[in-house]
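Since we're looking at a predicted model, the values are computed, not measured. Below, all heavy atoms of this structure are taken into account, side chains as well, without hydrogens, waters or symmetry copies. Throughout, residue positions are numbered sequentially from 1 according to the sequence presented.
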Amino acid sequence: MQKAAIYHRPESEFAYLYTATEMRVRIRTAKDDIQSITVAYGDPYNWQDGSWQKEADLVMHQTLATDVHQYWEASLTAPHARLNYGFILTDFNGEQVFFGDQGFETLTVDPDNVDAGLMGANNYFKMPYFQEIDRFKAPDWVKQTIWYQIFPERFANGDTSIDNPGTLPWNPDDHPTREDFYGGDLRGIINHLDHLVDLGINGLYLTPIFEAPTVHKYDTVDYLEIDPHFGTKADFKELVQAAHQRGIKVMLDAVFNHIGDQSPQWQDVLANGADSKYADWFHVHEFPAKYTATDEFEYSVDANYDTFAFTPHMPKLNTANPEVQAHLLNIATYWVSEFDIDAWRLDVANEVDHHFWKRFYTELKKLKPDFYILGEIWTSAQAWLQGDEYSAVMNYAFTGSIIDYFAKHSISMEKMVSNLNSQLMLNRDQTNQVMYNLLDSHDAPRILTVAHDNKDLVKQMLTFMFLQQGTPDIYYGTEYAMTGEQDPDNRKPMEWRPEKQDHDMYKFMQTLITLRKKYQPILSEGDLNWQLDPENKIVRFTREFNKTKITAVFNADEKNHPLTDVSDQLVFSHLYTEHSLAPFGFAVFVNQI
């Protein structure tokens, strides 16, 4: 028995309230090392004859595995909302140990007392009380949402009268620079909301729309004003109301890590130095604040103040300053209370202190208990996902493994599944159900370009992603098979010319979205099991929930493979005929158990 691999942590993703009355428990062991695990549990105050007595045993079930670890799970309830619990592990040689808060103890073999050797109450983990106020509460509507991300300056020009000077003609064939303006605005989005409805979208994420000089708007001048080249507050209020009337939630981008160098606060620092009333709003190491100008607008390594990356035009805010906190919280609540937005996406979220995000969470939840808070974090994000900061993060760490296997061929099938499982086991189940899954964005090359223009491969990856836990996202133009390299090429003007649009891809996306919505409860909450065939490059998994099982099979090989062992109802497929999967093909089946 590899005791060093055995791990459990109370009051974490290993032991948490899933509902007000259900506690879910996990334990990790070495892969292929343990035959069975039982969780022994009971009320902490169940003392009899001077000793604590457990009340029940529950056999745990194996769940997901990585390349080195196996996870086990069980669901517990407690009549008095409190529990002691510990684990009895049996390996394949018959060795048994008890694992609890004080470590391991070998069980004594006694036919008259199967519990002989278990330590007293002090060696049990505890859930002292089922505190409903501490339970991670994910907004339920997010599980049912299909997101659509728009880069506003490049989606649609609905009002040419507010264009920037030098705005270019709308041309999706262009390869824009970072400085090119095409006139996309809020009116353009309003004009195309029915396009989103027809596609099946019910969540809209807009990158920054506040006053800023650049195309991308991540260098904010005034967080309380709409950029005049995007429109007005009246336009935005109309957009939110029109979206809500169509059943579409709206998420805005909060850039609270830094601010633009044209903002009045930073301009005051430049003018008054250490005497500025905003001097402590930033991290200035020496006054006057300065940097060496280079030919690259967004890059300088010698600024004597902290910035986003090496971008001197984006000085970093000191979010530990109470005045900065009050300013940003006023902004965050203003757009909710005045315009009824449903979510914030937090830019560079892991570079802002936890203290501020906890205050942010509290203030937003006061206004809207089901408000969705999404952090931009590209790696594992456990520290921010404890139920008092973010609802979820942009799940780059998860979906990146899908791209690495299917498109880049840089990892094996086994490694992809290990990575996916590992990410899932970092979080509570309700967290995984609302993670923001995406294959591309304004910060990453378009997925069709990553796939070397192989549309069949894109369809395969999109379907694979849509069948995972989490809420899926589509980057604008994916439905028409738009291409683009890394920024700025991934931000081309939207393709609105019917003769240039890929209508086959559009119909595929419609069907995929319909499938996701129909089987969302199973995909959100169903048990996941993998069946891998690395030799033939066949990835298969099942999801089971409430007496329904979904089976999905994907052919990542360069040759056809038979598929004759599934007799369930076929509900969705591509490149699948007569029980055979062609390269890049897949088939999805449903069975009532």
Does a donor on one side chain sit under 3.5 Å from an acceptor on the other, for [X] and [Y]?
{"X": "T319", "Y": "Q325", "value": "no"}
{"X": "Q382", "Y": "E13", "value": "yes"}
{"X": "Q510", "Y": "D198", "value": "yes"}
{"X": "T207", "Y": "D253", "value": "no"}
{"X": "D159", "Y": "S161", "value": "yes"}
{"X": "H285", "Y": "N304", "value": "no"}
{"X": "Q144", "Y": "D140", "value": "yes"}
{"X": "Y223", "Y": "E211", "value": "no"}
{"X": "H258", "Y": "D306", "value": "no"}
{"X": "N171", "Y": "D174", "value": "yes"}

Inter-residue atom distance [X].[atom1] - [Y].[atom2], 0.5 Å rounding:
{"X": "F236", "Y": "I226", "atom1": "CZ", "atom2": "CD1", "answer": "6.0 Å"}
{"X": "Q149", "Y": "S441", "atom1": "CD", "atom2": "OG", "answer": "5.5 Å"}
{"X": "L186", "Y": "H229", "atom1": "CG", "atom2": "NE2", "answer": "13.0 Å"}
{"X": "F545", "Y": "Q520", "atom1": "CZ", "atom2": "CD", "answer": "9.0 Å"}
{"X": "N395", "Y": "N437", "atom1": "CG", "atom2": "CG", "answer": "5.0 Å"}
{"X": "L199", "Y": "T478", "atom1": "CG", "atom2": "OG1", "answer": "10.0 Å"}

Please name the pair of heavy atoms, one in [X] and one in [Y], separated by the smallest distance, quoted to 0.1 Å.
{"X": "V458", "Y": "A451", "result": "CG2-CB, 3.8 Å"}
{"X": "W384", "Y": "V352", "result": "NE1-O, 4.4 Å"}
{"X": "A212", "Y": "D227", "result": "O-OD2, 2.8 Å"}
{"X": "I209", "Y": "L252", "result": "CD1-CD2, 3.8 Å"}

Are [X] and [Y], when compared by the centres of their aromatic rings, separated by less than 6.0 Å?
{"X": "F406", "Y": "F464", "value": "yes"}
{"X": "H195", "Y": "W496", "value": "yes"}
{"X": "W266", "Y": "F282", "value": "yes"}
{"X": "Y361", "Y": "H354", "value": "no"}
{"X": "Y476", "Y": "H442", "value": "no"}
{"X": "F210", "Y": "W335", "value": "yes"}

*Assess whether side chain to side chain donor-acceptor pair (under 3.5 Å) is satisfied between Y480 and D502, documenting all intermediate values.*
CA-CA 5 Å; Y480 289 135; D502 188 322; over 6 Å; no
Can you see whether [Y] has [X] sitting over its ring - NZ or CZ less than 6.0 Å from the centre and within 45° of the normal?
{"X": "K217", "Y": "F230", "answer": "yes"}
{"X": "R187", "Y": "F155", "answer": "no"}
{"X": "R24", "Y": "Y18", "answer": "yes"}

*Answer yes or no: is there a donor N or O on one side and an acceptor on the other, between the side chain of R543 and the main chain of L523, under 3.5 Å?*
yes
*asked:* Keeping N490 on the side-chain end and G484 on the backbone end, is there a donor-acceptor pair under 3.5 Å?
replied: no
_A side-chain contact here means heavy atoms from C-beta on lying under 4.5 Å apart; do F466 and L515 qualify?_
no
*Report yes if some heavy atom in the side chain of I522 is under 4.5 Å from a heavy atom in the side chain of N546; otherwise report no.*
no
_Assess the residue pair S75 and E22 against the criterion (side chain to side chain donor-acceptor pair (under 3.5 Å)); give the C-alpha distance rounded to whole Å, side-chain angles, the decisive distance to 0.1 Å, and a yes or no._
CA-CA 7 Å; S75 177; E22 178 190 353; 2.7 Å; yes
With a 4.0 Å cut-off on N to O distance, would you call [X] and [Y] a salt bridge?
{"X": "D235", "Y": "K237", "value": "no"}
{"X": "K137", "Y": "D388", "value": "no"}
{"X": "R26", "Y": "E73", "value": "yes"}
{"X": "R246", "Y": "D194", "value": "yes"}
{"X": "K233", "Y": "E225", "value": "yes"}
{"X": "D340", "Y": "K249", "value": "no"}
{"X": "K368", "Y": "D342", "value": "yes"}

*asked:* Go through it in stages, so that I can follow the logic: the residues are K143 and E525, the test is salt bridge (charged side-chain N to carboxylate O under 4.0 Å, His left out), and I'd like the CA-CA distance, side-chain angles, deciding distance and then a yes or no.
replied: CA-CA 10 Å; K143 294 187 292 186; E525 303 189 38; 3.4 Å; yes
*Test Y299 against H313 for ring pair (Phe, Tyr, Trp, His ring centres under 6.0 Å), laying out the working first.*
CA-CA 9 Å; Y299 186 84; H313 302 281; over 10 Å; no
_Evaluate D353 against K358 for salt bridge (charged side-chain N to carboxylate O under 4.0 Å, His left out), listing each step before the verdict._
CA-CA 9 Å; D353 60 89; K358 292 178 192 297; over 6 Å; no
*Between R345 and E376, is a side-chain contact (heavy atoms from CB on, under 4.5 Å) present by the stated rule, with each step listed?*
CA-CA 7 Å; R345 180 262 192 188; E376 184 209 9; 3.1 Å; yes
*asked:* Checking N421 against Y71 for the side chain to side chain donor-acceptor pair (under 3.5 Å) test, could you report, in this order, the C-alpha distance in whole Å, the side-chain angles of both residues, the deciding distance, and whether it holds?
replied: CA-CA 10 Å; N421 289 351; Y71 290 84; over 6 Å; no
*More than 12 foreign heavy atoms under 6.0 Å from CZ of F339: is that the case here?*
yes
*Is the CD atom of E485 crowded by more than 12 outside heavy atoms at less than 6.0 Å?*
no
*Run the side-chain contact (heavy atoms from CB on, under 4.5 Å) check on V269 and W281 step by step: do they pass?*
CA-CA 9 Å; V269 170; W281 278 44; over 6 Å; no
*Give the intermediate values and the outcome of ring pair (Phe, Tyr, Trp, His ring centres under 6.0 Å) for residues Y16 and F136.*
CA-CA 8 Å; Y16 61 93; F136 192 116; 9.1 Å; no
*Would D347 and F308 count as a side-chain contact (heavy atoms from CB on, under 4.5 Å) if you check the C-alpha gap in whole Å, the side-chain angles of each, and the deciding distance to 0.1 Å?*
CA-CA 11 Å; D347 186 58; F308 164 66; 5.5 Å; no
*asked:* Could you go through D180 and T177, starting from their C-alpha distance and side-chain angles, then the distance that decides it, and tell me whether this counts as side chain to side chain donor-acceptor pair (under 3.5 Å)?
replied: CA-CA 5 Å; D180 289 336; T177 70; 3.2 Å; yes
*side-chain contact (heavy atoms from CB on, under 4.5 Å) between V215 and E179: does it pass, once the steps are laid out?*
CA-CA 6 Å; V215 170; E179 290 77 38; 5.7 Å; no
